[in-house]
Peer 1: 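Following this message is one structure expressed as structure tokens.
Chain letters run A, B, ... following the sequence lines, proteins first, then strands; residues in each count from 1.
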Amino acid sequence: MISPVPFAFRDFPLMPSPARSVVTRIAPSPTGSMHIGTARTALFNWLYARHCGGSFLLRIEDTDRERSTEASVKVILDGLNWLGLHPDAPPVYQFARSGRHREAVETLMHKGGAYRCYMTAEETAAERERARAEGRAIRSPWRDRDPPGGDNGPFTVRFRGPLEGETLVDDRVKGPVLFQNRDLDDLVLLRSDGTPTYNLAVVVDDHDMGVTDIIRGDDHLSNAARQSLIYQAMGWETPLFAHLPMIHGPDGAKLSKRHGAQAVGEFADLGYLPEAMRNYLARLGWGHGDDELFSDAQAIQWFDIRDVVRSPARLDWNKLNHVNAHYIRLADEERLADLALEALKKKGASPDQEDRRRLLAAIPFVKESAKTLVELSDLTGFALLRRPLALESKTSAALDVEGRSLFERLVQALRQAPDWSPDPLLSALRSFAAAEGIGLGKIGAPLRGMLSGGLPAPDLAGALTALGREESLGRIADALSQAR
RNA sequence: GGGCCCUUCGUCUAUCGGUUAGGACAUCAGAUUUUCAAUCUGGGAAGACGGGUUCGACUCCCGUAGGGCCUACCA
């Protein structure tokens, strides 16, 4: 159970220019993890708000007291924070506003827009079955009954929707969508325990929060019709709707655990950078010509709700990896070192300052090829090994009498290098091979083995530089004496 | 069952009646080569199907098929 934190948005001047500044919101329910689709919806709301110079709000939809938990609220807050999508005001907790919701229902009852329904759970279930069989919406017998006198037992409050006519949802991504009012049922506004339901609470909160543009998943498209009716009954201006297609797994089915990841926290653990997620997610369902890799500033500048795609998209790990690799190359090396350190800790290691120093030295030589932070930390593993390294058999095999003397000469050549950095080291290696009349491959493989102990490593000059002069020569010396 | 939404290369997408249907990821071939990767060059790859409308349809309309959402005192 979460303890609601009351928040009055009147305290926060959200609309500096009250005229018609854009207000968007993300409204997740804290009932588990934060789905990647929710993250994308948040991203689009954020991009749109930023593009329009409006505000982006967060509302926690915790009216389901059974399923809402405080831990899930934290997951949402952490997820948005990690993604860098910071709301412009403290979160609104929906449950804390239930008094206001009841007040709205009260108003609606006075206007004749709602009524008490005394159907029992069994009666409702039976009516639902009948309605389904007859291919019509569920109807309550209490709709047109005179206000019942006496005690008829527990009741819900239902919306009295129009039986005729039609409701247009002029969706900005789906286009105009027409609903026949007779197909819409009288939804429950207040449960028999007096708590408000979702469809009522969204409308009241969105109105009170001044939300001008509702951008959400298209699983809410038909709800938009019901909600429009409530706005009208309340005499409130209906916001603009934009319903985003959903994100599916690589196989086109609803994205779930079995597709590798589903929650934003999992993507973080898998080693994806938040800026890569923003870029990739932006391209899922939205595009700006042929642009694939772009900054937040560009996305904000370019974002237009009219360019949002109508059809659902599938999560593509290959492309995500590609985008992530791009941002790893761009990332600051100190930051990457810290992130790689975290990845190491998650694997159970307990790296120290010396490890961080070695990591940082190696990162410039591996950041070009790492697709994720996990890979990045794997690729730097060779640098973290402590002397003496265990040699692979194929390495020691190359160190027979002849091999040892070859590498002793190589050590001399390396010592002559004017500077311990990639270019001089590479030319030292090349001219040594030429002087010996052998190919680089002849010395490359064993040398790599001596330096990395068999772990993946960058190119030779890079590996030597990453390790530094002392460590490199030390590892070679270890190997030579070991092979003796 | 009813209502609604969706359908361009394997994937993400461009096209907004007239294009050799473009790009990106993936894939294949080649180059490079000191493992793996990265990188470079090149290739293959698409309008679900059937009807219309039109001089001309990926683009507009209708139907079919296939996905999806809603149809809760969940959100």
Peer 1: May I have the distance from L425(A) (atom CG) to U34(B) (atom C1'), rounded to whole angstrom?
Peer 2: 13 Å
Peer 1: With respect to the phosphate group of C73(B), does any side-chain polar atom (N or O) of R128(A) fall under 4.0 Å of OP1 or OP2?
Peer 2: yes
Peer 1: Looking across every strand, which nucleic acid part, if any, lies under 4.0 Å from D185(A) by heavy atom: base, sugar-phosphate, or nothing?
Peer 2: sugar-phosphate
Peer 1: From C-beta outward on N199(A), which listed nucleotide comes closest to its side chain: U13(B), C4(B), A75(B)?
Peer 2: A75(B)
Peer 1: Give none if G42(B) has no partner; otherwise give the nucleotide forming a Watson-Crick or G-U wobble pair with it, both distances under 3.5 Å.
Peer 2: C28(B)
Peer 1: Under 3.5 Å for both donor-acceptor distances, Watson-Crick or wobble: does A21(B) have a partner, and if so which one?
Peer 2: none
Peer 1: Heavy atoms under 4.0 Å, any strand shown: does L440(A) hit a base, just sugar-phosphate, or nothing?
Peer 2: base
Peer 1: Report yes or no: is the cationic atom of R97(A) (NZ for Lys, CZ for Arg) under 6.0 Å from the centre of the six-membered ring of Y93(A), at an angle within 45° of the ring normal?
Peer 2: no
Peer 1: Rounded to the Å, how far apart are H243(A) NE2 and G3(B) P?
Peer 2: 20 Å
Peer 1: Check for me whether the distance between the ring centres of H326(A) and Y280(A) falls short of 6.0 Å.
Peer 2: no
Peer 1: To the nearest Å, how far apart are N318(A) CG and C9(B) P?
Peer 2: 17 Å
Peer 1: Which word best sums up how the rings of Y272(A) and W317(A) line up, parallel for under 30°, tilted for 30 to 60°, or perpendicular for over 60°?
Peer 2: tilted
Peer 1: Say we look at A21(B) and G30(B): how far apart would their C1' atoms be, to the nearest angstrom?
Peer 2: 28 Å
Peer 1: Just checking E368(A): base, sugar-phosphate only, or nothing, at a heavy-atom cut-off of under 4.0 Å?
Peer 2: sugar-phosphate
Peer 1: Heavy atoms under 4.0 Å, any strand shown: does D218(A) hit a base, just sugar-phosphate, or nothing?
Peer 2: sugar-phosphate
Peer 1: Taking atom P in both G22(B) and C9(B), compute the distance separating them and give it to the nearest angstrom.
Peer 2: 14 Å
Peer 1: Please state how far atom CG in N324(A) lies from atom P in A24(B), giving the value in whole angstrom units.
Peer 2: 20 Å
Peer 1: Considering only the P atoms, how many Å lie between A38(B) and C28(B), rounded to the nearest integer?
Peer 2: 12 Å
Peer 1: Of the nucleotides C5(B), C69(B), C12(B), which one has an atom closest to the side chain of K174(A)?
Peer 2: C5(B)
Peer 1: Taking atom C1' in both U13(B) and A26(B), compute the distance separating them and give it to the nearest angstrom.
Peer 2: 14 Å
Peer 1: Which base, if any, makes a Watson-Crick or G-U wobble pair with C4(B), both distances under 3.5 Å?
Peer 2: G68(B)
Peer 1: According to a strict under-4.0 Å criterion, is T63(A) in side-chain N/O contact with OP1 or OP2 of A75(B)?
Peer 2: yes
Peer 1: Taking only the side-chain heavy atoms of D219(A) (C-beta and beyond), determine which of C70(B), C73(B), C5(B) contains the nearest atom.
Peer 2: C70(B)
Peer 1: Would you say the ring centers of F303(A) and W286(A) fall short of 6.0 Å from each other?
Peer 2: yes
Peer 1: Please work out if G441(A) contacts a base, only the sugar-phosphate, or nothing of the nucleic acid, heavy-atom cut-off 4.0 Å.
Peer 2: sugar-phosphate
Peer 1: To the nearest 0.5 Å, tell me how far I138(A) CD1 sits from D185(A) CG.
Peer 2: 6.5 Å
Peer 1: Among G1(B), C12(B), A75(B), which nucleotide has an atom closest to any side-chain atom of N223(A)?
Peer 2: A75(B)
Peer 1: Kindly indicate whether the side chain of D290(A) and the base of G22(B) share any N or O donor-acceptor pair separated by less than 3.5 Å?
Peer 2: yes
Peer 1: Starting from P on C12(B), measure out to NE2 on H288(A) and report it in whole angstrom.
Peer 2: 21 Å
Peer 1: May I ask you to check whether over 12 heavy atoms, not counting those of E402(A), lie within 6.0 Å of atom CD?
Peer 2: no
Peer 1: Within the structure shown, what part of the strands sits under 4.0 Å from S311(A) by heavy-atom distance: base, sugar-phosphate, or nothing?
Peer 2: sugar-phosphate
Peer 1: With a 3.5 Å cut-off and just heavy-atom distances, do the side chain of T197(A) and the base of C73(B) make a donor-acceptor pair?
Peer 2: no
Peer 1: Considering every strand and a 4.0 Å limit on heavy-atom distances, what is the contact class for G285(A): base, sugar-phosphate, or nothing?
Peer 2: sugar-phosphate
Peer 1: Between A37(B), C73(B), U34(B), which nucleotide gets closest to the side-chain atoms of T124(A)?
Peer 2: C73(B)
Peer 1: Under a 3.5 Å cut-off for both contacts, is C49(B) paired Watson-Crick or G-U wobble with anything, and if yes, with which nucleotide?
Peer 2: G63(B)
Peer 1: Base, sugar-phosphate alone, or nothing: which one does P458(A) contact when heavy atoms must sit under 4.0 Å apart?
Peer 2: base
Peer 1: On RNA chain B, check which nucleotide each of V309(A) and D459(A) is closest to and give me the residue with the more 5' one.
Peer 2: V309(A)
Peer 1: Does atom CD (E129(A)) have a neighbourhood of more than 12 heavy atoms from anything else shown, all under 6.0 Å?
Peer 2: no
Peer 1: Using the C1' atom as the reference point in each nucleotide, state the distance between A48(B) and U7(B) in Å, no decimals.
Peer 2: 7 Å
Peer 1: A cation-pi test, strictly: NZ or CZ of R65(A) under 6.0 Å from the centre of the six-membered ring of F95(A) and no more than 45 degrees from its axis. Yes or no?
Peer 2: yes
Peer 1: With a 3.5 angstrom cut-off on both distances, give the Watson-Crick or G-U wobble partner of U15(B), or none if there isn't one.
Peer 2: none
Peer 1: Calculate the interatomic distance between L190(A) atom CG and A72(B) atom C1'; express it in whole Å.
Peer 2: 15 Å
Peer 1: Heavy atoms only, 4.0 Å cut-off, all strands: where does L447(A) land among base, sugar-phosphate and nothing?
Peer 2: nothing
Peer 1: At 4.0 Å (heavy atoms only), tell me whether L464(A) reaches a base, stays on the sugar-phosphate, or touches nothing.
Peer 2: nothing
Peer 1: Rounded to whole Å, how long is the line connecting atom NZ of K442(A) with atom C1' of U33(B)?
Peer 2: 18 Å
Peer 1: Quick check for you: among C4(B), G2(B), A37(B), whose closest atom lies nearest to any side-chain atom of D183(A)?
Peer 2: G2(B)
Peer 1: For the pair R139(A) and D186(A), find out whether any cationic side-chain nitrogen is under 4.0 Å from an anionic carboxylate oxygen.
Peer 2: yes
Peer 1: For the side chain of E292(A), counting heavy atoms from C-beta on, which of G23(B), C4(B), C73(B) is nearest?
Peer 2: G23(B)
Peer 1: Which of the following nucleotides, U13(B), A38(B), C5(B), is nearest to the side chain of S369(A)?
Peer 2: A38(B)
Peer 1: Look at the side chain of K319(A) and the base of C12(B), then say whether one donor and one acceptor between them are separated by less than 3.5 Å.
Peer 2: yes
Peer 1: Using a heavy-atom cut-off of under 4.0 Å over every strand shown, decide if A445(A) touches base, sugar-phosphate, or nothing.
Peer 2: nothing
Peer 1: If A57(B) has a Watson-Crick or G-U wobble mate with both distances under 3.5 Å, name it; if not, just say none.
Peer 2: none
Peer 1: Between the base of G2(B) and the side chain of E134(A), is there any donor-acceptor pair under 3.5 Å?
Peer 2: no
Peer 1: I'd like to know if R310(A) pairs up with D218(A) as an ion pair, taking the criterion as any Lys NZ or Arg NE/NH1/NH2 lying under 4.0 Å from an Asp or Glu carboxylate oxygen.
Peer 2: no
Peer 1: Touch check for R310(A), heavy atoms < 4.0 angstrom, all strands: base, sugar-phosphate only, or nothing?
Peer 2: sugar-phosphate
Peer 1: Would you tell me if any nitrogen or oxygen in the side chain of R329(A) comes within less than 4.0 Å of OP1 or OP2 on U39(B)?
Peer 2: yes
Peer 1: Both H322(A) and L460(A) contact RNA chain B. Taking the nearest nucleotide for each, which residue is further toward the 5' end?
Peer 2: H322(A)
Peer 1: When the distance from NZ of K371(A) to P of A26(B) is rounded to whole Å, what number comes out?
Peer 2: 8 Å
Peer 1: Record whether the side chain of R314(A) comes under 3.5 Å of the base of U11(B) through a donor-acceptor pair of N or O atoms.
Peer 2: no
Peer 1: Is there a Watson-Crick or G-U wobble partner for U34(B) with both distances under 3.5 Å, and which nucleotide is it?
Peer 2: none
